[in-house]
Asker: 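Below you'll find the structure I mean.
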Amino acid sequence: MSGKRIAIIGAGPAGLTAAYCLSKNGQQVDVYEASDAVGGMCKTLELWDQLVDLGPHRFFSQDKQINELWLEVVGKDYKLVDRLTRIYYKGKFFQYPLKATDALKKLGALEVVRSMQSYFSTRVSPPHNDNSFEYWVTSRFGKRLFEIFFKSYSEKLWGIPCNELDADFAAQRIKKFSLSEAVKHAFTRPKNKHNTLVSKFAYPVKGTGMVYEKMKDAILAKGSHIYLSTPVKAVSQNEHGSVNGLYTMDGAFHEYDLVLSSMPLTLMVKQLPTATEEVKQAVSQLKFRNTILVYLHVEGTHLFPDNWLYVQEPDVQMGRITNFRNWIPDINKDSNNTILTLEYWCYDEDDVWTASDETLTKLATKEIRKTGLLQGHKIIDSYIHRVPRCYPVYHKGYKEALAPVIDYLKSVPNLYCIGRYGAFKYNNQDHSILMGILAAENILNNAGHDLWNVNTDYESYQEMSVIAETGLITTS
Ligand SMILES: Cc1cc2nc3c(=O)[nH]c(=O)nc-3n(C[C@H](O)[C@H](O)[C@H](O)COP(=O)(O)OP(=O)(O)OC[C@H]3O[C@@H](n4cnc5c(N)ncnc54)[C@H](O)[C@@H]3O)c2cc1C
């Protein structure tokens with residue numbers, strides 16, 4: 001359409017959405033993907049004749065344009081899942097979101113009184129605001145509830161104490177939630193059907209990866225290209241600093257007028273010829289956290305009812321357990337067995353990251369048995385999947401490190417950084433989809449969206465909507 005030669009690095013939700021929107025509007029693109037499949041962290045694996053995602057992947061958005069695009073791609077090939085998630089703590093399973101009667105029963109009256117005292121003493125004498133995650137949660141819920149429901153899980157996820165974690169994480173993920181709202185929520189029933197729908201989510205019949213397989217087919221049908229198993233080494237710039245192409249890992253140079261990158265921001269910036277030492281120094285302070293997924297093939301079908309469980313229990317290393325049996329029957333394919341996955345989060349330098357498959361299987365087996373969730377069910381087999389650099393770490397000081405990097409990247413013409421890796425944002429797939437949509441609009445219509453300002457806590461400026469069995473329902 002514009003005659004511009006456009007390359008996209010990464011075929012995850014951000015890169016593929018951009019490719020999908022551009023191709024649909026007549027602009028051909030070339031997508032370079034390091035792995036041998038599309039979908040990025042949203043791919044679906046075939047394991048023991050069943051389909052599983054990389055941990056729990058619930059698609060949920062209230063943004064009309066994101067939901068419309070999702071439905072355009074998925075069509076009618078989805079079902080609604082009833083969400084059931086609980087928190088595992090001190091050998092007990094708490095309903096999530098918290099329900100007052102349930103929490104009261106499981107914590108015991110004494111702990112509830114202590115928690116309330118702790119909450120009121122926080123109101124009377126608020127903690128020092130050091131802009132940390134710990135401050136953010138404690139000032140809203142009190143220290144005791146912070147310790148029971150937030151501390152251990154967050155420290156497992158991020159690998160740093162909660163007072164070293166930036167409040168951004170809480171602001172984005174626990175946004176606008178306070179004890180009074182939690183209590184109100186716990187005692188009241190949703191007033192209209194749309195609130196009820198929030199406890200359901202749409203899930204593709206062939207797993208989350210199906211969305212991106214379908215996008216791939218649509219992109220190829222429009223004449224664009226997707227090069228799998230073709231990692232990009234570096235983005236190239238001309239003598240004026242404008243992007244003029246990229247180098248693939250085999251050393252070949254490919255000329256382009258525009259590049260959209262969803263490869264890790266840290267790796268991309270370090271290779272940019274015009275990045276100054278100061279920018280490279282700043283980017284080297286940004287960290288990503290890795291995930292190890294230990295899949296267990298377990299005999300039997302009715303182990304426990306949750307889609308996934310948050311493991312707040314400090315005595316075990318695992319952080320989350322997903323039970324794929326409780327999503328939709330289509331992915332279980334009549335099997336008599338269940339697939340669970342246990343998540344372990346770590347840095348490159350942690351022993352667990354380099355542990356053998358055998359060691360990880362033993363660890364996961366010991367920990368899942370400890371929860372009592374398996375009762376007597378036998379573990380038949382295991383499979384380990386390692387995902388490097390999947391969580392951008394919002395440690396205190398990350399914003400100061402990121403700021404000069406963003407300033408520099410804004411000065412590089414023809415380069416768009418999108419996605420969770422690519423823009424160093426703790427995106428869910430809907431946020432990465434949105435970044436892809438907006439990047440395409442900038443290219444097609446000069447829309448002028450500031451992609452660095454697409455935050456995970458953005459408010460939809462469009463009509464609100466949810467995906468129901470019958471399609472899209474507008475909620476406001
Ligand atoms: C355990 C887990 C659970 C999650 N649960 C949910 C959930 O419930 N709901 C939800 O919405 N989201 C969830 N997410 C987040 C979701 O997976 C991500 O938000 C989404 O995949 C981000 O898309 P992306 O395109 O930005 O990045 P990615 O999916 O990471 O895609 C980036 C792509 O770039 C490729 N790439 C990297 N480097 C290069 C290179 N040099 N050259 C070429 N290609 C390269 C990668 O191989 C990858 O395919 C979860 C993530 C994890 C890890």
Side-chain angles (χ1 to χ4, degrees), residues 7-20 30-44 52-61 63 66 70 81 83 85 157 173 201-204 207-209 211-212 215-216 226-235 246-250 254 259-268 270-271 288-295 307-308 310 318-322 327 341-345 385-392 417-436 439 451 454 456:
I8 297 179
I9 307 173
L16 275 196
T17 302
Y20 176 84
D30 291 341
V31 181
Y32 292 85
E33 168 53 47
S35 74
D36 60 2
V38 299
M41 286 185 271
C42 287
K43 67 178 66 145
T44 294
V52 291
D53 292 340
L54 303 185
H57 267 83
R58 160 195 185 241
F59 172 79
F60 184 76
S61 172
D63 186 300
I66 297 174
W70 195 90
V81 178
R83 176 186 172 155
T85 44
L157 179 56
R173 289 296 169 104
F201 59 91
Y203 188 76
T208 296
V211 183
Y212 306 99
M215 273 192 191
K216 178 182 94 177
I226 300 177
Y227 302 105
L228 297 177
S229 307
T230 312
V232 168
K233 184 171 189 308
V235 172
L246 53 79
Y247 289 95
T248 41
M249 221 43 108
D250 57 8
H254 308 266
V259 173
L260 284 78
S261 169
S262 69
M263 70 185 276
L265 181 79
T266 46
L267 303 183
M268 200 269 297
K270 278 182 200 160
Q271 302 278 355
F288 285 98
R289 196 139 164 92
N290 307 331
T291 299
I292 302 170
L293 295 153
V294 182
Y295 292 88
N307 310 114
W308 68 90
Y310 297 104
M318 64 179 163
R320 199 160 46 182
I321 305 166
T322 307
W327 289 63
T341 187
L342 277 57
E343 281 168 70
Y344 292 89
W345 301 303
H385 189 93
R386 295 173 182 82
V387 193
R389 295 189 202 88
C390 49
Y391 288 94
C417 296
I418 52 172
R420 175 144 145 165
Y421 283 147
F424 201 81
K425 279 184 194 287
Y426 185 31
N427 280 5
N428 266 335
Q429 59 182 314
D430 50 310
H431 306 117
S432 280
I433 289 174
L434 181 67
M435 285 183 125
L451 298 176
V454 179
T456 46

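When a ligand or atom number is given, it counts from 1 through the structure's own listing order.
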Asker: What part of Val387 sits under 4.0 Å from ligand 1 if we count only heavy atoms: the side chain, the backbone, both or neither?
Answerer: neither
Asker: Does an N or O anywhere in Met41 fall below 3.5 Å from an N or O of ligand 1?
Answerer: yes
Asker: Check for me whether Pro264 has a heavy atom closer than 4.0 Å to any atom of ligand 1.
Answerer: yes
Asker: Between Lys233 and ligand 1, which residue portion shows a heavy-atom distance shorter than 4.0 Å: side chain, backbone, both, or neither?
Answerer: neither
Asker: Side-chain donor-acceptor pair under 3.5 Å between Asp53 and Tyr203, yes or no?
Answerer: yes
Asker: So is Tyr421 touching ligand 1 or not, going by heavy atoms under 4.0 Å?
Answerer: yes
Asker: What residues, two or more places apart in sequence or in another chain, satisfy side-chain hydrogen bond (donor to acceptor under 3.5 Å, both in side chains) together with Thr291?
Answerer: none
Asker: Please work out, at 4.0 Å between heavy atoms, whether the side chain, the backbone, both, or neither of Ser432 comes within that distance of ligand 1.
Answerer: side chain
Asker: So how far is it from Thr266 OG1 to Phe288 CZ, rounded to the nearest 0.5 Å?
Answerer: 4.5 Å
Asker: Backbone or side chain, does any N or O of Gln429 fall under 3.5 Å from an N or O of ligand 1?
Answerer: yes
Asker: Only counting residues at least two apart or in another chain, list the ones meeting salt bridge (charged side-chain N to carboxylate O under 4.0 Å, His left out) with Arg320.
Answerer: Glu343
Asker: Are Arg320 and ligand 1 in contact, using a heavy-atom cut-off of under 4.0 Å?
Answerer: yes
